[in-house]
Novice: 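Next up is a structure, given as structure tokens.
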Amino acid sequence: MDATLDAAGASASASASAPAALAAAPAAPSAAAAVSAGGAASAAAAVADRGVVHHRPAVTELRLSAFGRHRAAAFPLGPVTFLSGPSGSGKSQALAAYEALAGLGSGATLEEAFPDPPARIPDRALPDGQGRRGFRIGCTVDGPAGPVRLDLAVQAEPALRIAGERLSVDGRVLLSTALRDPGRRSVHASWLTGGAIGVTRAPLPDDRLGTALLPLRVAGSTAGQRQVLAAAEQVVVALRSVFPCDPRPDRMRAPVPPGEGRLLGDCANLADVLRRTRHECGTRHALLAAAARTGCAGPVQGLDVRTPANGPVTALLDRGSAGPATELGRLGAGELRFLALALVLLTGPGVLAMDPAAELLSARQALTVLADGFDRGLDRRQNAELLRLALLSCGRGHVRLVAAVGEETAAAARVAPGVTVVDLTP
């Protein structure tokens, strides 16, 4: 199987195999190396999280072998993980890699997952003799099938396509793909079959994640096929259960038309979602109202909505006897971001605009929230309340959080049991 990315993760190589090229990535640093000295306990917690049996599939490690400014990087992911570091340390790039993997696991094409592929090529990477450059990322997903590793090599130039993919469990390769013929829009794939056949070989599209296609291609009639299916489905379930969230206060102020009540990634339809939760989930709505008392200025009796007939929905802070209700559009940007993030942490996939795996009961899935600039525009009181909500929700196992934060939030999280703080340096 011909490779495309060299051992440094930058340029193509016509002589090595794709599995070999993936294996040739420099050894990833340990969790202790990825986590600051002050977060040693967090590192240990993340390692312990990878060692337990996860009944809900969860990504417990993100690998950036060669991606943007990252080389040979491995980040441990616990139930609550904060990425910290100065500007330019690669926090947003790490979250972008996770989001791209999630998109590919949900069936997105490479072009959809990487809209600007040249920006993901490692810094100072030189093209090979045929002008090819690319990047490598991967993750480990823990679950009932054990720790499953997914490694992906992507050619970004001159054309965006998958160069190699490998799915493995305990060192046993279950799926490997390689770009053999650059003239064809396909990769050569081999997956474990077992029995008399041993391995099945077939072409797969070069713009989609092969792991996500396996459940449609593998019958599951042999022990080997069943192992492949279990591993692939575990990875797909974990990646499809991701919700990237970046509340945009400028889009949240105006009344919104009534709709399905599923929160968008920018939280622009927050008012419509509050309308739904108020009527369908009184317990969680009450918890959100209690959080609003901490994160919003002035007295807060509750959260209400105004829905005129056939008109737009307006969300309100009920001030009780203290005065008239306040429309959310009149709140500060930090208050709006706080309310949106609190709502995300307190709800589940059914209230979010996402497409989790329908083949598995929601009780067997864990929602993972990705938040870049999690604490942007928030004060210390709001940050502390969101951290409390994150630990409360994530401690139950049905929600996980991976977020980029500033140093002040990271410092407070380092002394909080159950939080993994990964410190990045430029």
Novice: If only atom types and distance count, is the side chain of Glu112 paired as donor or acceptor with the main-chain N or O of Ala108 below 3.5 Å?
Specialist: no
Novice: Start with the C-alpha distance between Gln227 and Arg172, add both sets of side-chain angles, then the distance that settles side-chain hydrogen bond (donor to acceptor under 3.5 Å, both in side chains), and finish with yes or no.
Specialist: CA-CA 11 Å; Gln227 184 181 14; Arg172 187 181 193 185; 3.0 Å; yes
Novice: Would Ser89 and Thr425 count as a side-chain hydrogen bond (donor to acceptor under 3.5 Å, both in side chains) here? Give the steps.
Specialist: CA-CA 5 Å; Ser89 59; Thr425 56; over 6 Å; no
Novice: Show, in sequence, the C-alpha distance, side-chain angles and deciding distance for Asp423 and Lys91, and conclude whether the salt bridge (charged side-chain N to carboxylate O under 4.0 Å, His left out) test is met.
Specialist: CA-CA 9 Å; Asp423 290 297; Lys91 302 184 296 294; over 6 Å; no
Novice: Between Phe75 and His70, is the gap from one ring center to the other below 6.0 Å?
Specialist: yes
Novice: If every non-hydrogen atom of Leu214 is compared with every non-hydrogen atom of Leu229, which pair is closest and at what distance?
Specialist: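 For Leu214 and Leu229, the tightest heavy-atom pair comes out as O-CD2, 4.0 Å.
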Novice: Can any side-chain N or O of Asp272 pair as donor or acceptor with the backbone N or O of Gly259 at less than 3.5 Å?
Specialist: yes
Novice: I'd like to check Leu167 versus Val173 (side-chain heavy atoms, cut-off strictly below 4.5 Å). Are they in contact?
Specialist: no
Novice: Please confirm whether the backbone N or O of Ser190 pairs with a side-chain atom of Arg201, one donor and one acceptor, at under 3.5 Å?
Specialist: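 Here the side-chain-to-backbone pair does not exist.
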Novice: Near Arg380 CZ, under 6.0 Å, is it more than 12 heavy atoms from other residues, nucleotides or ligands?
Specialist: no
Novice: Restricting to pairs with a member in residues 386-399, which pass salt bridge (charged side-chain N to carboxylate O under 4.0 Å, His left out), not counting sequence neighbours?
Specialist: Glu385-Arg388
Novice: When you look at Asp142 and Thr60, which way does the side-chain hydrogen bond (donor to acceptor under 3.5 Å, both in side chains) test go after all the steps?
Specialist: CA-CA 6 Å; Asp142 275 280; Thr60 54; 2.5 Å; yes
Novice: As a quick check of understanding, evaluate side-chain contact (heavy atoms from CB on, under 4.5 Å) for Asp151 and Arg136, giving each step before the final call.
Specialist: CA-CA 7 Å; Asp151 295 286; Arg136 289 204 310 276; over 6 Å; no
Novice: Find out whether Pro182 and Arg161 are in side-chain contact, i.e. whether some heavy atom of one side chain is under 4.5 Å from a heavy atom of the other.
Specialist: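 Yes - at least one pair of side-chain heavy atoms lies under 4.5 Å apart.
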Novice: Under 4.5 Å between any side-chain heavy atoms of Leu152 and Leu209, yes or no?
Specialist: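 SC-SC contact between Leu152 and Leu209 confirmed.
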Novice: To check you understand the geometry: which heavy-atom pair defines the closest contact between Ala291 and Leu389, and what is its length?
Specialist: CB-CD1, 4.0 Å
Novice: Counting only N and O atoms by type, is there a donor-acceptor contact under 3.5 Å from the side chain of Asp375 to the main-chain atoms of Gly406?
Specialist: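 Answer holds: yes.
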Novice: Considering all heavy atoms of both residues, which atom of Ala94 and which atom of Leu62 are nearest to each other, and what is their separation?
Specialist: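 That would be O-CD2, 3.4 Å.
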Novice: Where do Gly210 and Leu204 come nearest, in terms of heavy atoms and distance?
Specialist: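 Distance-wise, the nearest heavy atoms are CA-CD1, 4.0 Å.
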Novice: Verify, without hydrogens or angle tests, whether Thr177 (side chain) and Gly164 (backbone) share a donor-acceptor contact under 3.5 angstrom.
Specialist: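 Not confirmed, Thr177 side chain does not pair with Gly164 backbone.
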Novice: Is Pro247 close to Leu341 at the side-chain level, that is, under 4.5 Å between some pair of heavy atoms?
Specialist: yes
Novice: Is there a donor-acceptor pair closer than 3.5 Å between any side-chain N or O of Arg63 and the backbone N or O of Arg149?
Specialist: no
Novice: What's the separation between atom CD in Glu260 and atom CZ in Arg276, rounded to the nearest 0.5 Å?
Specialist: 8.5 Å
Novice: Before you tell me yes or no, could you show the steps for Val273 and Leu343 under side-chain contact (heavy atoms from CB on, under 4.5 Å), namely the whole-Å CA-CA distance, both residues' side-chain angles and the distance that decides it to 0.1 Å?
Specialist: CA-CA 9 Å; Val273 179; Leu343 174 63; 3.6 Å; yes
Novice: Say you draw a straight line from CG of Asp372 to CD of Glu99; how long is it, rounded to the nearest 0.5 Å?
Specialist: 9.5 Å
Novice: Counting only N and O atoms by type, is there a donor-acceptor contact under 3.5 Å from the side chain of Thr314 to the main-chain atoms of Pro255?
Specialist: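 Answer holds: no.
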Novice: From Asp266 CG over to Arg251 CZ, what is the distance, rounded to the nearest 0.5 angstrom?
Specialist: 5.0 Å
Novice: Between Leu179 and Ile162, does a side-chain contact (heavy atoms from CB on, under 4.5 Å) hold up when you go through it step by step?
Specialist: CA-CA 7 Å; Leu179 181 62; Ile162 288 177; over 6 Å; no
Novice: Measure the shortest side-chain to side-chain distance between Met354 and Arg240 over non-hydrogen atoms and say whether it is less than 4.5 angstrom.
Specialist: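 Of all side-chain heavy-atom pairs linking Arg240 with Met354, none is under 4.5 Å.
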Novice: Can you give me the closest heavy-atom contact between Val169 and Ala231, atom names plus distance?
Specialist: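 Of all heavy-atom pairs spanning Val169 and Ala231, the closest is CG2-CB, 4.1 Å.
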Novice: Does Arg69 reach the main-chain N or O of Gly88 with its side chain, forming a donor-acceptor pair under 3.5 Å?
Specialist: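 A pair under 3.5 Å: yes.
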Novice: Please lay out, stage by stage, how Ser186 and Asp206 fare under the test side-chain contact (heavy atoms from CB on, under 4.5 Å).
Specialist: CA-CA 5 Å; Ser186 64; Asp206 68 351; 5.5 Å; no
Novice: Of all heavy-atom pairs between Arg120 and Phe114, which one has the smallest distance, and what is that distance?
Specialist: CG-CD2, 4.3 Å
Novice: Closer than 4.0 angstrom, basic N to acidic O: yes or no for Asp246 and Arg376?
Specialist: yes
Novice: Ignoring hydrogens and geometry beyond distance, is a side-chain donor-acceptor pair present between Thr211 and Glu165 at under 3.5 Å?
Specialist: yes
Novice: Would you indicate whether Arg185, at its atom CZ, is surrounded by more than 12 heavy atoms from other residues, nucleotides or ligands within a distance under 6.0 Å?
Specialist: yes
Novice: Would you call Trp191 and Val199 a side-chain contact if the rule is heavy atoms closer than 4.5 Å?
Specialist: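 Contact flag for Trp191/Val199 side chains = no.
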Novice: Mind checking whether Cys267 and Arg248 have side chains closer than 4.5 Å, heavy atoms only?
Specialist: no
Novice: Can you tell me how far apart CD (Glu157) and CZ (Phe135) are? Round to the nearest 0.5 Å.
Specialist: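 Answer rounded to 0.5 Å: 10.0 Å.
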Novice: Could you check whether any side-chain heavy atom of Arg337 comes within less than 4.5 Å of a side-chain heavy atom of Gln382, counting everything from C-beta outward?
Specialist: no
Novice: Quick check against the 3.5 Å criterion: does Arg278 have a side-chain atom that pairs as donor or acceptor with the backbone of Asp304?
Specialist: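 No, Arg278 side chain to Asp304 backbone: no donor-acceptor pair under 3.5 Å.
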Novice: Just wondering, are more than 12 heavy atoms of other shown residues or ligands nearer than 6.0 Å to CZ in Arg217?
Specialist: no
Novice: side-chain hydrogen bond (donor to acceptor under 3.5 Å, both in side chains) with Arg253: which residues, sequence neighbours excluded?
Specialist: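 Result, side-chain hydrogen bond (donor to acceptor under 3.5 Å, both in side chains) vs Arg253: none returned.
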Novice: Taking Val405's backbone N and O only, do any of them form a donor-acceptor pair with Thr409's side chain (distance below 3.5 Å, no angle check)?
Specialist: no
Novice: Let me confirm one number: the CG-CG distance from Leu392 to Leu386, rounded to the nearest 0.5 Å.
Specialist: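 One finds 12.5 Å between CG of Leu392 and CG of Leu386.
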Novice: Got a second to check how far Leu367's CG is from Arg56's CZ, nearest 0.5 Å?
Specialist: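 Rounded to the nearest 0.5 Å, the CG-CZ separation comes to 11.0 Å.
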